[in-house]
Each structure stands twice: as structure tokens, then as C-alpha cells.
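Beneath this line is the structure, given in C-alpha cells, with notes to follow.
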Amino acid sequence: MSIYNAGMPPEAETPTKKGNLILVIALVIAGAVLLLGILIGPRAVGVLYALASPPDAPVPEGLNKVSQTSEAHGVDTWVYNSNTVNACVIVRFYQDAGGDCVIEPGWCGENDPNSTELYTQPVATCTGVSEFSIFQMRWQAEIVAGDRRQSYAQVDISRSIFWTGGPDAENP
């Protein structure tokens, strides 16, 4: 018997050491979980938000929504029209949004045709890819010019969210 534990059996020291060791292990695990939460938490919140509310495809100001259909979560089509926005202004909007536009010959150059004389003439098809969170979205806008009785311009916009990766290389 030592003088430090006089009158106490030697096994009385063991529970205190064992308790301290358990406390240290618990604190290390709690610290690791906290650190992991700080590192992964914001990304997980962003992913959950993106899953719950994916972004819409870009839409220029001044268009009126006519209809919307949804094939699946993140696969949607909208139809917009406008009596005030020129079809070529819409094409420029999508080019500025990062879209690649295939413009029909004779459209959106220096001498734009007068839309009041046309009846549903295709103007351009614009496509683009946007990234959000860990996902990608592909959008396509088909722009048509019409006469004032139908609409000055109509835009059919489709959006596809790629939940498991980027767009297919063969079908961008």
C-alpha cells in the first residue's frame, strides 16, 4: 500500500482512470463529429435545397407565362409570349445568358424583319447548361415571331435537371 491511497484498496484507482479515458474518447469523437458537420453541413444543405427547389431556366423580362407542363421533377416545359418584346431581343438575352443560339437566316441581323407581317416564323433555338450545387441543368429556348393577333414573340422553354451527372456527350 502506498501513502497516497492509504486505507483504500488498489482497485479503487481503476474506475477513475477508466472514466477519464471514456470521457477523453467521447470528447474526441464529439469534436470529430462537430468538425465533420462544419465541413460537410453547408454542402449538404445546398444539395437538399437544390433537390427541393431546382432553379428555373432563364426567362427574359416582359414575357407572360401561357402554360407549364412537368414530365418529372426537374423536367419541365414553359410557353411564354409577349406583345412588346421583339424576338431578336429575346435571342440576345439567351446569348447573354451563356446560350448557344442557332439563328434562322435573315433574322436578328442589321435588318430585322417587321414582325407585324409574319405568321409564326421560327427565329432561333438557344441551348445552354447551368451548374447549381452539385447538379447541372440543360435548358433550351425555341423563339418564334408571330403577328400581333397571335403574339409578337413566343418562347418555348424546356429544362432538364441532371441529378446524377452532366449532360450526355452525344445528346448535349
Side-chain angles (χ1 to χ4, degrees), residues 33-172:
V33 168
L34 180 64
L35 182 63
L36 193 62
I38 290 171
L39 295 175
I40 295 177
R43 185 171 179 135
V45 168
V47 169
L48 293 175
Y49 180 75
L51 286 170
S53 181
D56 290 337
V59 177
E61 295 281 328
L63 298 182
N64 306 309
K65 183 162 60 169
V66 176
S67 67
Q68 177 180 357
T69 58
S70 182
E71 293 178 34
H73 185 61
V75 181
D76 303 287
T77 303
W78 296 269
V79 175
Y80 288 87
N81 68 12
S82 176
N83 291 324
T84 58
V85 181
N86 183 293
C88 292
V89 171
I90 297 170
V91 171
R92 283 188 285 281
F93 168 84
Y94 283 109
Q95 288 173 328
D96 292 344
D100 294 321
C101 297
V102 177
I103 301 170
E104 295 294 322
W107 282 93
C108 303
E110 291 180 22
N111 300 319
D112 291 343
N114 184 350
S115 64
T116 59
E117 299 172 3
L118 300 173
Y119 294 90
T120 55
Q121 296 294 315
V123 175
T125 300
C126 301
T127 58
V129 175
S130 303
E131 293 185 10
F132 65 100
S133 186
I134 61 170
F135 308 111
Q136 284 189 341
M137 169 182 64
R138 182 182 70 191
W139 53 265
Q140 177 173 317
E142 295 179 9
I143 301 141
V144 175
D147 71 344
R148 290 200 185 271
R149 288 175 291 172
Q150 294 175 355
S151 67
Y152 190 57
Q154 178 174 313
V155 184
D156 296 347
I157 303 169
S158 60
R159 164 191 81 174
S160 297
I161 305 290
F162 298 99
W163 300 111
T164 58
D168 186 4
E170 292 178 13
N171 190 13

Inset, instruction - Can you tell me which residue pairs pass the salt bridge (Lys or Arg N to Asp or Glu O under 4.0 Å) test with a partner in residues 71-82, sequence neighbours excluded? - result: D76-R159
Legend entry - Passing candidate, side chain to side chain contact (heavy atoms under 4.5 Å, CB included) with C126, options V155, I143, D100, I103: I143
Legend entry - Closest contact, heavy atoms only, V123 versus A87: CG2-CB, 3.9 Å
Inset, instruction - Kindly indicate whether the side chain of T127, heavy atoms from C-beta on, has any atom under 4.5 Å from the side chain of R138. - result: no
Legend entry - Within-4.5 Å side-chain heavy-atom neighbours: D56 and W78: yes
Inset, instruction - Without swapping roles, check the side chain of H73 against the backbone of I161 for a donor-acceptor pair under 3.5 Å. - result: no
Legend entry - Among P55, S130, S158, S160, side chain to side chain contact (heavy atoms under 4.5 Å, CB included) partner for W139: S130
Legend entry - Result of checking D156, N64, L63 against Y80 for side chain to side chain contact (heavy atoms under 4.5 Å, CB included): L63
Legend entry - Interatomic distance, Q136 atom CD to T164 atom OG1 [nearest 0.5 angstrom]: 10.5 Å
Legend entry - Donor-acceptor contact below 3.5 Å, side chain Y94 vs main chain P58: yes
Legend entry - Close side-chain approach of L51 and W163, heavy atoms under 4.5 Å: yes
Inset, instruction - Work out which heavy atom in G62 is nearest to a heavy atom in V85; give both atom names and the distance. - result: O-CG2, 3.8 Å
